[in-house]
Amino acid sequence: MCFFCNDIDVAQRQGLPVDTFKEIMKEGAGLYQQAGSITLVNRANTAKVFINWFLSREGQLTLQKAAAKVLGSAPDSLRVDIPKERVLLEDRRQDGITYMDMDTPERIDIKPVVQLFSDALTRAGKK
């Protein structure tokens, strides 16, 4: 597995047996995840071991170090037991704020967001 890999074609030209998931899938659709996301698509024990490590303190520190090296900054982690100096200040989660999970019904249903903007525009006299 490789995170932040951009030169798969270079590795292939060098004769390495690598490929992207989207090109080797025979059926079904690919999964889109953002940086730092991971999805278990089967029940393989090795995948479970990897995911457990990836979500561990050591795994999250490794992800942040690799991302900072490649991208210049690291994604924030939900873990509170790791340092955040590699995470840009504006990307860090702040204490006392409730964040919306990406997969919650509130995130999927945009009606409350549209209503919030509509109410704000009405109060501002723009609607």
Side-chain angles (χ1 to χ4, degrees):
M1 287 193 135
C2 179
F3 297 99
F4 313 114
C5 296
N6 296 323
D7 298 324
I8 298 297
D9 56 330
V10 174
Q12 288 172 331
R13 285 195 300 271
Q14 293 173 349
L16 296 172
V18 296
D19 207 340
T20 59
F21 285 114
K22 67 179 181 168
E23 294 173 7
I24 62 173
M25 292 179 65
K26 302 289 186 243
E27 59 186 38
L31 298 173
Y32 174 76
Q33 296 292 321
Q34 295 178 341
S37 297
I38 191 166
T39 302
L40 175 63
V41 293
N42 64 28
R43 298 187 188 277
N45 285 334
T46 53
K48 289 179 185 178
V49 169
F50 173 76
I51 290 172
N52 283 331
W53 172 82
F54 183 78
L55 296 175
S56 73
R57 184 175 193 278
E58 179 186 2
Q60 291 294 286
L61 285 169
T62 302
L63 171 67
Q64 287 192 338
K65 183 177 178 181
K69 184 177 179 180
V70 173
L71 303 173
S73 70
D76 198 0
S77 173
L78 289 175
R79 294 192 68 102
V80 296
D81 61 341
I82 61 174
K84 305 293 183 171
E85 68 264 2
R86 290 186 179 107
V87 180
L88 294 175
L89 188 58
E90 61 266 22
D91 292 339
R92 295 180 192 173
R93 287 178 178 78
Q94 304 297 314
D95 291 335
I97 296 176
T98 302
Y99 293 92
M100 192 180 327
D101 191 332
M102 298 294 282
D103 295 324
T104 62
E106 294 84 11
R107 169 91 175 170
I108 295 166
D109 181 11
I110 65 166
K111 291 177 194 164
V113 175
V114 172
Q115 187 62 50
L116 177 71
F117 278 101
S118 179
D119 292 349
L121 288 171
T122 299
R123 283 193 305 274
K126 305 287 184 181
K127 186 176 176 189

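Side-chain atoms are counted along with the backbone in the values below, which use heavy atoms only and exclude waters and symmetry mates.
Taken to the nearest 0.5 Å, the CD1 atom of Ile51 stands 12.5 Å off from the OG atom of Ser56. Rounding to the nearest 0.5 Å places OG1 of Thr122 at 8.0 Å from CD of Gln115.
Listed by first and then second residue, the side chain to side chain donor-acceptor pair (under 3.5 Å) pairs that reach into residues 81-90 are Asp76-Lys84, Arg79-Asp81, sequence neighbours excluded.
Considering only residues two or more places apart in sequence or on other chains, Arg13 meets the salt bridge (charged side-chain N to carboxylate O under 4.0 Å, His left out) condition with Asp9. When the side chain to side chain contact (heavy atoms under 4.5 Å, CB included) test is applied to Leu116, no partner is found at least two apart in sequence or on another chain.
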Leu63 and Gln60: CA distance, side-chain angles, deciding distance, side-chain contact (heavy atoms from CB on, under 4.5 Å) verdict: CA-CA 5 Å; Leu63 171 67; Gln60 291 294 286; 4.2 Å; yes

Give the intermediate values and the outcome of side-chain contact (heavy atoms from CB on, under 4.5 Å) for residues Thr62 and Phe54. CA-CA 8 Å; Thr62 302; Phe54 183 78; over 6 Å; no

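Leu55 and Leu61 fall into different hydrophobic clusters, where Ile, Leu, Val, Met, Phe, Trp and Tyr side chains are chained together by heavy-atom contacts under 4.5 Å.
Not a single donor-acceptor pair under 3.5 Å links the side chain of Asp91 to the backbone N or O of Val87.
Taking each heavy atom of Pro75 and Ala67 in turn, the nearest pair found is CD-CB, 3.5 Å.
Taking Ile, Leu, Val, Met, Phe, Trp and Tyr as hydrophobic and joining them when side-chain heavy atoms fall under 4.5 Å apart, one finds Leu78 isolated, its cluster having no other members.
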